[in-house]
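In what follows, every heavy atom counts, from backbone to side chain, and hydrogens, waters and symmetry copies are set aside. Treat the numbers as computed from the prediction; the structure is a model and nothing was measured.
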Amino acid sequence: MRLYALAVYAFLYLPIGIIALFSFSAGRNASQMQGFSTQWYGRALSNPFVIDALKTSAGIALTSAVLASVFGTLAALALSGMKGRWRALFDALIYIAVMIPGIVIGIATLIALVTVFNALNPWLAAATGWQLSMGAGSLVAAHGLFTMSLVIILVRARIEGMDRALIEASSDLGAGPLATFRQVTLPLLAPAILAGFLLSFTFSFDDFIIAFFVAGSETTLPIYIFSSIRRGVTPEINAIGTMVMAASLLMLVIAQLTLRRGGTPKDQ
Amino acid sequence: MTYATGHHTVSAGAAIAEFVNTSKRYGEVLAADRLNLRIEKGEFLSFLGPSGCGKTTALRMLAGFETPTEGTILIDGRELAAEPAYRRPVNMVFQHYALFPHMTVAENVAYGLRQRRPKMAKAEIATRVAKALDTVRLGEFGPRRIWQMSGGQQQRVALARAIVNEPKILLLDEPMAALDAKLRAEMQMELLSLQRSLGITFILVTHDQQEALSMSDRICIMGKGRIMQIGTPRELYDLPANRYVADFVGRANILPARVRTASEGRAQVELSGGLAVEVTAPFVPTPGAAVEVAVRPEALRLALAPEPGVPALAATVTHMTFFGEHIEYLLAHPVLGAVQVMLPRQAERALPGAGVGARLHILWDPGSGLVLGQD
Ligand SMILES: Nc1ncnc2c1ncn2[C@@H]1O[C@H](COP(=O)(O)OP(=O)(O)OP(=O)(O)O)[C@@H](O)[C@H]1O
Ligand SMILES: [Mg+2]
């Protein structure tokens with residue numbers, strides 16, 4: 001049993017470890033370790049295409065994560081105000097949204113956007129001479145929409161765990177609904193919202209599948225990596241991959257920590 | 001007019017709050033059923049009743065968390081039934097305190113003052129917070145986090161957070177329920193002296209009758225959403241209006257009887273089994289009517305032989321429990337069934353050998369017990 005578990009972990013993490021290791025190779029071959037150097041990191045960070053793709057990815061991740069956090073929080077608040085069957089239905093839909101494979105979401109979003117664009121574009125072209133097309137906008141929309149369900153789940157859990165009497169206490173002490181929201185509800189939900197934001201950012205930053213379908217002419221970092229692999233793998237790819245992975249892990253750890261720290265006072 | 005309450009004197013006529021035919025319905029459940037109650041300025045009033053009788057509902061309607069389905073509520077002469085909680089001059093101490101976990105103790109206490117419009121000066125807020133914390137003996141604890149405070153301390157923070165606003169009425173929903181017995185007794189004393197020194201009207205919800213009896217100027221006994229009786233602790237204990245109150249406040253033997261003659265204050269009744277006794281009558285019952293008579297266990301006496309001129313019931317001791325300063329007897333009477341009698345230790349000494357199985361006489365002194373009205 002232990003051996004089996006060990007094998008599973010090795011299978012999962014060995015390739016990742018090897019990529020990280022090979023990114024420090026001094027040689028030109030991406031699948032061999034030849035000496036030690038950090039030259040490939042330098043190469044990657046001075047490659048204008050990489051920097052461009054990185055900027056695009058970061059911009060899209062930031063925008064979609066902000067949108068997902070704001071609208072996800074609002075949706076979670078609205079959901080917690082609903083009752084009975086409708087609430088159960090929407091809860092189920094949100095969990096389903098998280099579990100649907102990326103490729104399905106990618107294709108579905110693509111079809112949906114193309115349909116909408118085709119319907120609107122003749123109109124827009126006539127009116128403004130400008131047309132809708134795939135690009136940063138469709139990426140932000142697709143990522144924002146998908147990651148919104150992550151935010152909703154996290155914030156909903158936090159709302160459920162919150163003592164309703166706190167809201168009443170605030171009202172009792174003279175705070176109107178808006179003041180209560182600002183001074184009590186929002187600060188108490190903040191850890192969940194922040195965690196949702198970080199997860200959304202990470203998801204969008206790392207996503208290849210959905211982006212592949214809806215990116216249009218935009219090149220995000222994962223898309224850049226994919227296309228450069230087709231041109232031949234260099235340890236530079238390993239270096240980029242390792243950096244992306246490190247950044248993502250860092251975000252996830254921070255998300256976990258905020259969620260846990262936010263929970264302490266109530267657990268006591 | 002004033003009435004003495006045993007604790008202190010409250011001048012009647014100055015109602016700080018009033019329920020006028022107030023009802024609250026949750027679907028099928030009638031949680032409050034036509035409540036009519038005047039709460040006097042400066043009094044300590046308790047809502048007492050078993051679980052689910054609507055105490056919290058009544059309190060929450062005063063606080064503004066629930067809107068009455070029918071009737072209305074006046075606070076300080078203004079009709080407030082539709083006024084939201086944040087515009088009412090009342091503050092509440094919640095059962096589980098509901099302290100804000102993301103704020104320090106001082107920030108919690110300052111919360112109400114910070115909501116004031118026009119804004120209150122920071123220095124003024126700080127002064128008042130410090131004073132409120134001193135009042136509840138938490139002067140040093142301002143910078144602490146809520147979760148670094150013990151249960152009893154949290155309760156004091158909740159109290160300080162409410163009284164710092166100088167509300168017209170302070171509402172307390174079972175504030176001592178989560179404390180252990182010793183701490184509870186301590187808090188009861190503190191709460192009482194706080195109320196006396198601040199002069200704020202306190203309304204306490206509790207299902208602990210000792211708590212209600214010992215602290216309140218008046219008690220409002222509730223049952224099934226209705227007010228069963230309102231009165232001072234002594235009135236409720238000595239003159240319960242009906243079976244429900246007699247049963248709920250203290251203990252009572254409730255016996256079926258028939259009225260023979262009745263006059264103002266007194267009635268001659270015949271207990272089932274034929275014994276005629278003289279009881280107190282808060283109202284004049286109709287001669288010949290079937291009524292219920294309540295008599296407190298400590299109002300009855302026990303003797304080895306009947307005394308001339310005192311009506312007596314012959315009964316057999318079935319249980320006897322020793323409590324130190326008093327002894328409780330349970331006796332079986334062939335017609336009336338079980339009868340409780342409580343004797344002080346001193347009186348027990350006059351009954352040598354009267355253990356379980358002994359045949360004793362229950363002596364009913366004239367005026368003991370009273371005729372109960374309908375629920
Ligand atoms: N929000 C609500 N929705 C539906 N029914 C309610 C609601 N709040 C109270 N009730 C019902 O109204 C009745 C009175 O409840 P309330 O909380 O006032 O009782 P209580 O006297 O405070 O009892 P306890 O001593 O257990 O706190 C109960 O039957 C309760 O089930
Ligand atoms: Mg209650």
Original post:
Take atom CD in B:Glu70; do more than 12 heavy atoms of anything else shown fall under 6.0 Å from it?
Top reply: no
Subject >> Nearest atoms (heavy-atom pairs only) where B:Gln115 meets A:Gly174 >> reply: CB-O, 3.7 Å
Original post:
Counting heavy atoms not belonging to B:Tyr26, are there more than 12 under 6.0 Å from its OH?
Top reply: yes
Subject >> Exercise: identify the closest heavy-atom pair between A:Leu166 and B:Pro101 >> reply: CD1-CD, 3.9 Å
Original post:
In Å, rounded to the nearest 0.5 Å, how long is the span from CD1 of A:Ile167 to CZ of B:Phe65?
Top reply: 11.0 Å
Original post:
Heavy-atom count around A:Phe208 CZ within 6.0 Å, excluding the residue itself: above 12?
Top reply: yes
Original post:
So does A:Ile103 have more than 12 non-hydrogen atoms from other groups sitting under 6.0 Å from CD1?
Top reply: no
Original post:
With a cut-off of 6.0 Å (strictly less than), are more than 12 heavy atoms of other residues, nucleotides or ligands near CZ of A:Phe71?
Top reply: no
**OP:** Identify the residues of residues 85-94 of chain A whose heavy atoms come closer than 4.5 Å to a heavy atom of chain B, ordered by number, or report 'none'.
**Re:** none
**OP:** Check the surroundings of atom CD in B:Glu140: do more than 12 heavy atoms from other residues, nucleotides or ligands lie under 6.0 Å from it?
**Re:** no
Original post:
Who wins among B:Arg161, B:Gln95, B:Arg117, B:Arg88 for the most heavy-atom pairs under 4.5 Å with chain A?
Top reply: B:Arg161
Original post:
Are more than 12 heavy atoms from other residues, nucleotides or ligands located less than 6.0 Å from atom CG of A:Leu12?
Top reply: yes
Subject >> Nearest non-hydrogen partners of B:Phe100 and A:Val184, listed with the distance >> reply: CE2-CG2, 3.7 Å
Original post:
Looking only at heavy atoms, what is the nearest atom pair of B:Asn91 and A:Leu173, with distance?
Top reply: ND2-CD2, 3.6 Å
Subject >> Toward chain A, the part of B:Leu113 with a non-hydrogen atom under 4.5 Å >> reply: neither
Original post:
Which atom pair, heavy atoms only, marks the closest approach of B:Tyr111 to A:Ser170?
Top reply: OH-OG, 2.7 Å
Original post:
CD of A:Gln183 to CZ of B:Arg114: how many Å apart, nearest 0.5 Å?
Top reply: 5.5 Å
Subject >> Separation between CZ of B:Phe94 and CG of A:Asp172, rounded to the nearest 0.5 Å >> reply: 5.0 Å
Original post:
Is chain A contacted by the side chain of B:Asn165, its backbone, both, or neither, given a heavy-atom distance below 4.5 Å?
Top reply: side chain
Subject >> Over all atoms of both residues, closest heavy-atom pair of A:Ala169 and B:Ala98 >> reply: CB-O, 3.8 Å
